[in-house]
Every structure is written in C-alpha cells, then in structure tokens.
Protein chains: 2
Amino acid sequence: MDRRRTEKNAEALAQGRPTLKTLAFMTGLGVTTVSRALKDAPEIGAETRRRVQLVAKQIGYRPNRAGVRLRTGRTNVISLVLNTEREIMSFVSDIIYGVSEVIADTPYHLIVTPYSRSQDPLDPIRYLVETGSADGVIISRTQPNDPRARYMLEHGIPFATHGRTDMGLVHPYHDFDNYAFAVEAVRRLAGIGRRRLALLSPPVGLSYHSHTVNGFADALSEVGASEVPFNTVSIDHTIEQIRMRTAQVMRREDRPDGFVSSAAAATLAIVAGIEDAGLKLGRDVDVVSKQSSDLLHLFRRELLVVNENFRLAGSELARSVLGWIGGAAPGTLQSLSVPSEVLAYRRSVD
Amino acid sequence: MDRRRTEKNAEALAQGRPTLKTLAFMTGLGVTTVSRALKDAPEIGAETRRRVQLVAKQIGYRPNRAGVRLRTGRTNVISLVLNTEREIMSFVSDIIYGVSEVIADTPYHLIVTPYSRSQDPLDPIRYLVETGSADGVIISRTQPNDPRARYMLEHGIPFATHGRTDMGLVHPYHDFDNYAFAVEAVRRLAGIGRRRLALLSPPVGLSYHSHTVNGFADALSEVGASEVPFNTVSIDHTIEQIRMRTAQVMRREDRPDGFVSSAAAATLAIVAGIEDAGLKLGRDVDVVSKQSSDLLHLFRRELLVVNENFRLAGSELARSVLGWIGGAAPGTLQSLSVPSEVLAYRRSVD
DNA sequence: TTGGCAATCTGTAACGTTTCAGTATATTGA
DNA sequence: TCAATATACTGAAACGTTACAGATTGCCAA
C-alpha cells in the first residue's frame, strides 16, 4: 500500500503543475487530508495544517479550477452582461475596473457576456443559467419590471442589477439617484433664472428613465418652471439625431432656456444643436449634464455638471454579488449613490 | 450488463442538465459513441451521427466546460489583459465589443484580466500561463522589447498583441499605423501653412511611441517644418498636466502653431491649454488629433481628426488569437490598420 | 469453412477536486 | 480492564469529458 502510493505519486512530482497529489506525496499525507488542510477544516491537526499550507505556498500550488468546478459546480466566475451597442462607453470600462478591483483578491474571474441589439436580453442570462457558467451575474439597463431579474430569482442564481427594479421583489442593486439628479438640476437651472426646461432622458423602459422623469417633473412644479417637451429623443439616440432635434427645438419661438441631460456624450450633441440654432450657451440657455469623467468643462466651461462614478458602481455591484454568493441576505446588498452637487466651471469673472 | 446500464442511466434522465450520459441513454448508445458522434469523428455511422446530433439539439445538450477543460486542458477562454489605470477608456469598451463579435459564435468566453499600476505587467501573464486559465491572450500597451510577448512565446501560449514588437520574434498582432498617422498629420498642418509643430505622443516605452515620433520627425524634415519640444508630457498624463504644459508652451515667444495629438481626451486638454493662453484654435494654431469615436468635431469644429477604430482592432486581435489556437502560422496573423485621411469639420465659410 | 479486415461501436481510465464513509490510534469514563 | 468516544487521518467514488484499447458484426477472399 505504502509502496503503491509512492509509485503512483512519483509521477506527480515529475509533471509540471502541482496538484493535491503532488502535495500529498511531498507531505506524506493523503490527498483528502491535504485538501482539508488547505481549507482550514476542523478535523486536521494544527501542525499538519501549517505544514501543508507551508509546502503549498512554497511550491506555488493553485487549485485547478476545472477540478473544483466539475466537482462542486462552483465556477468562481462573475459574469458582466453587456449590450454591445447601447452601453455608454466610459461606463463599460469603469464598471469593469470597479468590478476588477473588488474581485482582485478573490479567486473570481470576470467574464464579459455580450448581447446585441437583435437578441432578446434574456438570451445571455438563460445561457449563463442553463450552462451554469457563472456563480453570479451583473446586469445593467435594468427595467422596472425586469424579466432577467425575475428569471434569475426564479432560478436561484445570485445577481446584482445596475439600477433598481420595481416588481416587489427584493434583490441586490446599485443605483445612482437619478431622481435626485434631476431635482438638483432643475433647482439649479431655476436658481439662475431658467424657466422653460427640457429633459434629455434615458431611454423609455429603463428604470432610471422614470426616476429621472419623475425628479424632473416634481422639481419643475416645486420651482414653478415649465417643461418643453423633448421626449422624441433619448440618450440612446445618435449624436446626430439629438443634435438635429435640439437645433429644431431651439429655433422655435417657445424654445427652452435650460436643458437637463442624462449623459455626457449627448450633452455634446445638445450644445452643438444649440449653437447650430445660432444661440449661445450660458447666455440664451443653460445645460446641466451628468458626466462620468471630468471632461465636459473642457468642452464648454459654461456647462453645469453632476458626476456619476461608474467605477464605484462596478465595485458596489461586485461586492453585492459576492455578498449574495457568500450567503448574505439580498435585501442588505442594496446601495444608492447620491449625486454630487451641481458643479459649475464657469469662471467667476463671467 | 444491459440492465446495469439502464439502471445507471435512469438517474441521468431525472437530473436537470443533460450530459453525454443522458444522450447515451436516450439513443441507446455508449457515451464514447455519443461523444464522437457529436464531433463528427470518422468512425461513426452516418445515420448514428445524425441521430445523436438531432437528439442533442432537441434536448439542448451543451458540453460541460469543466469536464472538457479537466480532460483536455482546453479552457475555451480568451483573456484580455488590461491595465486598470492607463488604458484609454473608449478603447476598452470598443476592444471588448470587437472581440465579442468574433467569439460570439465560437465556444469561447472572454475573461478580463486586469493589472494595476503597481504590478509588474508580467504578473497577470504569468498567472494565466501558470494556472492554464486561458487558451489565448490579448495584450495591449505593447513594447518594442516586450517581456510579456517573449514569455508567452517561450511558454507556447497563443496570443496577439495590440501594437507591434521589435524583437525579431514573430507573433500575431494588430496595429494602427501610427507612423502614417503622424506623417499625414504633419503634412496636413504644413499644407495649411503651419511650420512649428509640437507632438503629444504616446508614453515613452510603448511601441507606438516610437512609430509616432518617427513619423512625426520624418514628415517634419520632408515638409521642412520644425519641432517644438513637447515631450515632457504624453497622453498618459492627466488632463490637467497636459493642459498646464500646453498653456505654458503657448505663452512662449517661439510657441508652436500646430499640434499633433495621439488621443482624443488629451486633445481636449491641449485645446483648453491653448485657450488658457488666450490664443484661438484655427487662427493661431491648428491641431490634428486621433479619435476613436466621432465626437471631437462637436468639441471644436476647427479640429482636424484621424479616426482609429478600436472595435476593428478587437475583432482583428480575436481573429488572430483564434487563428493561432487553430493552428495557423503566427506570421500570417498580423494586420496593420491604415489611418483615414485627415478629416476637417471646419465649415467652408470660415 | 476459415481467417482477415473494415466498419461501428463500447468500457475503462484518467484529468483534479471534494465528499462520504470509514479506519486507526489515543483518550476517557466506569 | 473494557467499551465508548474523540482525534486525526484515509481510500474510494463521483462530477463530465475524451483517449485508448478493445469488442462485435458482417463481408469477402482463399
């Protein structure tokens, strides 16, 4: 028996990457003991545990992911599900970096699961669940009644949504308070005398569309300003579409004297449209915009901005998913990011 | 024996996800036969093959990735290795989408492997190779003498670099022709009478730094223009640093009358710096900039731009890696993207 | 008839891990 | 002293797949 073990494991030493068998051979223990020693199981002697862990560290043992996954079903993978056409660009990299930051010192890997315009957004989720390709999922473009969240709840896979749902179901999320953003934006515009405001909102159907629209409406009535309808475009439209629509609106008699914009790139288009109509930002009209990187003030220093931190969102989302996987209650893994004040870069001399 | 098989596999039917055993039971064949039938092995009867494939499709059989990976060592994973601090933002999302597009109808998953400023760039590569976590790797921020490329060649793992190396070693790459970009930019500036040019280059040490610098220098001597040194900053510096340095240079007597900028965000900073110095873009100075999304003309319509398509880069890189994995010769998997003409958005009436 | 051979199909083992059901040894209680 | 029990360890089996080394069948040449 002892001979047999020695023979069998002699080859273990020869091969490249150390496995439990290698460790078992080196320590003279069984693979079971080694396995348990590495995960601090209670029924392993303190000295044995230390010895095994020391040797493991010395020879750079890393558990084989496929082995673990096959045996336990745990993948040690978090999947970030992204729309390949509509996601805001800086959004994506920041979210990824935020997630990366959090999972860096865990065994988790991040896989990006894309889906395209033409696909049912549920497709990638079904794929992940059916193939068991991830232990946790992060989705964006969340809807009030989100079939993906419902599906994942039904199938018991941990997830977190970027944006809240409104289905009476509880799950982890991280959201930026777009209601507060819209309210602050309107108040600010009213504060500098703007009275006829237009909103470039997120696309209809997404949760933060209604949050933004509601904040906008509530604040309008609070400050006694009026709305100039601008809902034939959203931040999902192309730059050109937004630009043309803005120019159109700005050429009318009853044009807005203030804009609230939910995305930085769209704001470029709004300003271009304003100038197409021969009007001047800061004189004829003011614009409050969300931005995720601090660049808009370089574009036009008259712009008023509110910062949204997507990197933070990524971190929070990752933390939430890992928390759920780790057994925390989904209801405790929700967070809301409060907007910064409305910031002005206009020089005081103006 | 027949009884035993039947009993054993009855459970296979009960469980959730179909495996080869499920298929074997349903078709009355052995798992080996099923396995081979699914991958069109030659020694399987034509009718059997069809039958197995039909049933597999019907019940939605998907090979278990962990099983395949454990048995074969193939992970069906491509890893994109990214610096979490220095990568250009739009870059990241576009590359990811480009890669996604290509691997969408393959069994490959995309994992993002980040590394931070503080780390040795070789760390994530070592990790991937040592743990066998990917079948192929894509790296960016390529250097002329790139230790990562060397390491991967030595260890026999397929990869592609975004940017060329210059080590006398052959490997797949995709690169944008930054030499041509710089040449065209200088020619254009010279064409509109600019004679004292400054270059905001990629960071020293990366391959495309020298390409850009060389193109710039060659074209300068070709058109007989002179260089205003501007190499204390690069596109890796912060917006504020670039802006201040630009303002500084523009306040000097011998200031440049033309800039070539290797990145769009940096261009915003250059323009801001120019205006900080009280000068006017298009009158006192012209700027040619690379951009990866069509937004700069909204910023200042006097800007001259050259487009770089990162989504295409992602696709090409993915194709290259998959090609190498598939056995193609690395030397045949190299591509160079030719810059667009220098485009002007300035109105003709100006 | 027999041997050989091609065409199809099959069981077993192995990849590295964890879990189950133990086994051996020392320790305790009566 | 004996049995019961706690402590520390162990082998075998299983997860799903593929590769290896057969096994079975039918057909044909000799």
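Within every chain, numbering begins at 1; the chains are lettered A, B, ... in the order of the sequence lines, protein sequences first and strands thereafter.
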Distances for protein N or O near nucleotides 19-25 of chain C N or O, under 3.5 Å:
from	atom 1	to	atom 2	distance (Å)
C:dT19	O4'	A:Arg71	NH1	3.4
C:dT19	O4'	A:Arg71	NH2	3.3
C:dT19	O4	A:Thr32	OG1	3.2

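- The interatomic distance linking B:Leu70 (CG) with C:dT17 (P) rounds to 9 Å, in whole Å.
- For the pair B:Leu38 CG and D:dT18 P, the computed distance is 8 Å after rounding to whole Å.
- The salt bridge (charged side-chain N to carboxylate O under 4.0 Å, His left out) test applied to A:Asp175 returns A:Arg164, not counting sequence neighbours.
- In this structure A:Asp123 satisfies the side chain to side chain donor-acceptor pair (under 3.5 Å) test together with A:Arg126, sequence neighbours excluded.
- As a whole-Å value, the separation of B:Asn64 CG from D:dT18 C1' is 13 Å.
- Residues of residues 43-61 of chain A that place a heavy atom closer than 4.0 Å to DNA chain C, in numerical order, are A:Tyr61.
- Across the protein-nucleic acid pair, B:Leu20 atom CG and C:dA14 atom P stand 20 Å apart, rounded to whole Å.
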Return all side-chain donor-acceptor pairs below 3.5 angstrom for residues 27-35 of chain B, not counting sequence neighbours, or 'none' if the list is empty.
from	atom 1	to	atom 2	distance (Å)
B:Thr27	OG1	B:Leu23	O	2.8
B:Thr27	OG1	B:Ala24	O	3.3
B:Thr27	OG1	B:Leu29	N	3.4

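- Remark: B:Glu43 pairs with B:Arg36, B:Ala41 by the side chain to side chain contact (heavy atoms under 4.5 Å, CB included) rule, at least two apart or across chains.
- A:Val68 and A:Pro63 get closest at one heavy-atom pair: CG2-CB, 4.3 Å.
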Distance-only criterion, 3.5 Å: show the donor-acceptor pairs between side-chain atoms of residues 108-115 of chain B and protein atoms not counting sequence neighbours.
from	atom 1	to	atom 2	distance (Å)
B:His109	ND1	B:Arg65	NH1	3.4
B:His109	NE2	A:Tyr127	OH	2.8
B:Thr113	OG1	B:Ser79	OG	2.7

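- Remark: B:Lys21 is in phosphate contact with D:dC15, judged by side-chain N or O atoms under 4.0 Å from OP1 or OP2.
- Under the side chain to side chain contact (heavy atoms under 4.5 Å, CB included) criterion, B:Pro107 pairs with B:Asn76, sequence neighbours left out.
- Of the candidate nucleotides C:dC15, C:dT17, C:dC9, C:dT17 has the atom lying nearest to any side-chain atom of A:Val68.
- Open room surrounds CZ on A:Arg62; 12 or fewer heavy atoms of other groups in view lie less than 6.0 Å from it.
- Counting to the nearest Å, the C1' atom of D:dG16 and the CG atom of B:Asn76 are 14 Å from each other.
- Atom-to-atom, CG of A:Leu23 to C1' of D:dC9 comes out at 16 Å; the value is rounded to the nearest Å.
- The distance between atom CZ of A:Arg62 and atom P of C:dT17, rounded to the nearest whole Å, is 13 Å.
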Report all side-chain donor-acceptor pairs from residues 322-335 of chain A shorter than 3.5 Å, counting only partners two or more places apart or in another chain.
from	atom 1	to	atom 2	distance (Å)
A:Thr332	OG1	A:Ala329	O	2.6
A:Gln334	NE2	A:His171	O	2.8
A:Ser335	OG	A:His174	ND1	2.8
A:Ser335	OG	A:Glu316	OE1	3.4

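- What separates CG of A:Leu29 from P of D:dT7 is a distance of 19 Å, to the nearest Å.
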